[in-house]
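Every heavy atom of this structure was used, including side-chain atoms; hydrogens, water molecules and symmetry mates were not. We count residues from 1, following the sequence as given.
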Amino acid sequence: MPSLVNQSSNKRYLGQVFCNRNLNMQKISAIGFDMDYTLSEYIPESFETLAYEGAVQKLVTHLGYPPELLEIPYDHTKFVRGLVIDKPRGNIIKMDRHKYVKIAYHGSRKLTEVERKAVYDPNNTTWDSFTGSGYAVVDTLFSLPDAFLFSAIVDFKDSNPDRLSKSYEEIFKDVRTSVDLCHRDGVIKDKVALDPGKYIHKDEHLKETLDMWRESGRKMFLLTNSLYDFTKVVMNFVYGPAWQDVFDIIIVGACPMFGEASSYLEEGKTFQGGHWKHLHNLLGVSSGSRILYVGDHMYSDILRSKRQLGWRTMLVIPELEHQINVMLEQTGHFEKLEELRCIRDELDGWVNTLEQAAADIERKQGNDTPTEEDELEEAWAEQKRIRAMLREETKAYHKKFHPQWGQLFKTGYQNSRFALQVENYACLYSSRVSNFRHLSVEMNFRCMSDVMPHDRISENPVTRFLLRRGRDN
Ligand SMILES: Nc1nc2c(ncn2[C@@H]2O[C@H](COP(=O)(O)O)[C@@H](O)[C@H]2O)c(=O)[nH]1
Ligand SMILES: [Mg+2]
């Protein structure tokens with residue numbers, strides 16, 4: 001069977017597993033799985049609506065929010081992972097990998113460039129790391145209803161200031177409390193238990209993938225934040241009644257960097273809570289690098305388990321399918337953007353040369369010659385035209401991915417903060433666990449070679465500028 005790793009198609013995503021860090025499966029002796037949004041992919045329309053409607057109900061009934069909020073329907077397409085909620089300002093923002101804010105919305109209103117830069121451009125304000133308590137990262141699909149609800153209430157407050165006197169930060173706190181409660185009081189889980197098929201996608205290939213790994217002789221474990229009753233509902237649906245047989249260890253009510261050594265409940269091979277050292281002992285591994293953990297939550301599943309436990313990680317990114325399909329459809333558009341960028345760089349070089357020449361002449365003669373002035377005016381006009389065109393084309397390209405937030409892994413043409421975290425913390429990533437079924441259980445994953453700007457020295461605009469100057473002198 002042909003390997004699907006890092007193989008590209010010019011039509012659609014084929015379920016490739018992508019590799020950021022070399023990982024030899026022969027060195028992996030235990031494979032662990034998170035459950036929610038990893039083994040079970042929830043249907044956003046129905047599942048997220050449970051959290052949203054439950055939370056609005058609580059805000060209105062228990063926290064005195066205006067009943068009109070009950071009439072706002074949930075739109076699961078509005079927000080995406082990787083965004084950051086700026087609680088005190090009532091904004092939701094998207095950053096590039098350098099933490100420059102490139103898109104900002106206040107409620108559902110997009111900030112103009114001037115407004116955005118006044119608040120977030122480090123040239124105008126003090127540098128912000130966006131890590132304090134005033135910010136909340138949308139780093140799991142579970143947070144999308146929080147983002148939608150916060151933004152809807154910000155809109156409501158702005159249009160009805162006399163009806164809602166709470167600050168944006170207080171509103172966020174109430175939203176968080178209400179959504180959190182829905183995860184604990186049965187508003188979400190009782191409904192899912194009654195009709196799992198309405199809320200969970202059935203992946204026809206999941207069972208064979210998990211069985212394939214089990215048969216490879218590796219230790220298998222499930223490590224989920226969900227409690228046992230809900231785990232049973234979900235695993236029964238996604239795998240079948242024999243789900244417990246596929247795992248050597250089942251840990252519920254916990255995430256990778258879990259707990260106190262002594263605080264856990266044990267029933268056979270099933271535990272509630274516990275400690276990672278205990279888990280390493282049970283798995284018989286001496287080093288975290290022998291464990292591959294597959295999860296969807298950037299922070300708790302991937303970043304913490306990699307940084308603090310040294311586990312190898314695979315991030316499940318369901319959004320990858322849409323992102324890659326649009327990218328492949330838009331190849332022509334992307335090439336046009338690349339071309340425009342080259343023209344812009346050439347023009348910048350040309351303008352630079354002319355400006356320098358004009359300055360030299362001015363120094364020597366005391367004023368510009370009309371020829372230089374005309375040429376410079378012409379170059380500036382062309383530079384302005386191309387820059388505007390590039391800006392518009394880039395916006396149009398991004399809109400193909402998402403009308404408000406653009407391409408998940410990019411802001412403009414740089415990697416987004418989300419992409420940076422995927423690169424830094426996920427050894428592997430793919431859209432779903434069952435994509436592994438195409439691959440050998442002993443696969444030696446190898447990453448692509450890294451490219452720094454100086455590795456592409458001949459494409460560098462500064463190189464082109466220097467070469468042209470060298471030729472002209
Ligand atoms: N109390 C809260 N629980 C939450 C919230 N968001 C998600 N969850 C629950 O966590 C687990 C996720 O399990 P995992 O398998 O991905 O580790 C699941 O039971 C969710 O319902 C929250 O805001 N508050
Ligand atoms: Mg999860």
Practice problem: Decide if the gap between the ring center of Tyr42 and the ring center of Tyr199 is smaller than 6.0 angstrom. | Solution: no

Quiz item: Got more than 12 heavy atoms from elsewhere within 6.0 Å of CD, Glu68?
Solution: yes

Quiz item: Among Tyr425, Trp276, Tyr293, which residue meets the ring pair (Phe, Tyr, Trp, His ring centres under 6.0 Å) test with Trp311?
Solution: Tyr293

Quiz item: Only one of Lys410, His98, Arg97, Gln407 forms a side-chain hydrogen bond (donor to acceptor under 3.5 Å, both in side chains) with Asn415, so which one is it?
Solution: Lys410

Practice problem: Specify whether Phe150 and Phe172 have parallel, tilted or perpendicular ring planes, treating 30° as the upper limit for parallel and 60° as the lower limit for perpendicular. | Solution: perpendicular

Quiz item: Do side-chain atoms of Ser416 reach the backbone of Leu408 as a donor and acceptor pair under 3.5 angstrom?
Solution: yes

Quiz item: Knowing that exactly one of Ile324, Val422, Asn435 qualifies, which makes a side chain to side chain contact (heavy atoms under 4.5 Å, CB included) with Phe18?
Solution: Ile324

Quiz item: Just by distance, with hydrogens left out, do Trp350 and Glu378 show a side-chain donor and acceptor under 3.5 Å apart?
Solution: no

Practice problem: Count the heavy atoms belonging to other residues, nucleotides or ligands that lie under 6.0 Å from CG of Asp450, then report whether that count exceeds 12. | Solution: no

Practice problem: Look at the rings of Phe401 and His398 and say which category their plane angle falls in: under 30° parallel, 30 to 60° tilted, over 60° perpendicular. | Solution: tilted

Quiz item: Between Asp34 and Thr224, does any side-chain donor sit less than 3.5 Å from a side-chain acceptor?
Solution: no

Quiz item: Has Lys87 got its NZ or CZ under 6.0 Å from the middle of the six-membered ring of Tyr168, at an angle within 45 degrees of the ring axis?
Solution: no

Quiz prompt | Pairwise side-chain contact, Leu337 with Leu390, heavy-atom cut-off 4.5 Å (strictly under) | solution = yes

Exercise. Determine, using ring centers only, whether His297 and Phe142 are less than 6.0 Å apart.
Key: no

Exercise. Answer yes if the side chains of Lys117 and Asn124 hold a donor-acceptor pair under 3.5 Å, and no otherwise.
Key: no

Quiz item: Is the backbone of Ser305 close enough, under 3.5 Å, to the side chain of Gln308 for a donor and an acceptor to pair up by distance?
Solution: no

Quiz item: Of the non-hydrogen atoms in Gly54 and Val187, which two are nearest, and what is the gap between them?
Solution: CA-CG1, 3.8 Å

Exercise. Determine the interplanar angle of the Phe148 and Phe79 rings, folded into 0 to 90°, and report it as parallel if under 30°, tilted if 30 to 60°, perpendicular if over 60°.
Key: perpendicular

Self-check item: Closest approach of Gly406 to Lys94 (non-hydrogen atoms, all atoms of both residues)
Solution: C-NZ, 4.2 Å

Practice problem: Can you establish whether the number of heavy atoms outside Tyr413 located under 6.0 Å from its atom OH is more than 12? | Solution: no

Quiz item: So with a 6.0 Å cut-off around NZ of Lys198, is the heavy-atom count from everything else above 12?
Solution: no

Quiz item: Is the distance between the ring centroids of Phe418 and Trp405 under 6.0 Å?
Solution: no

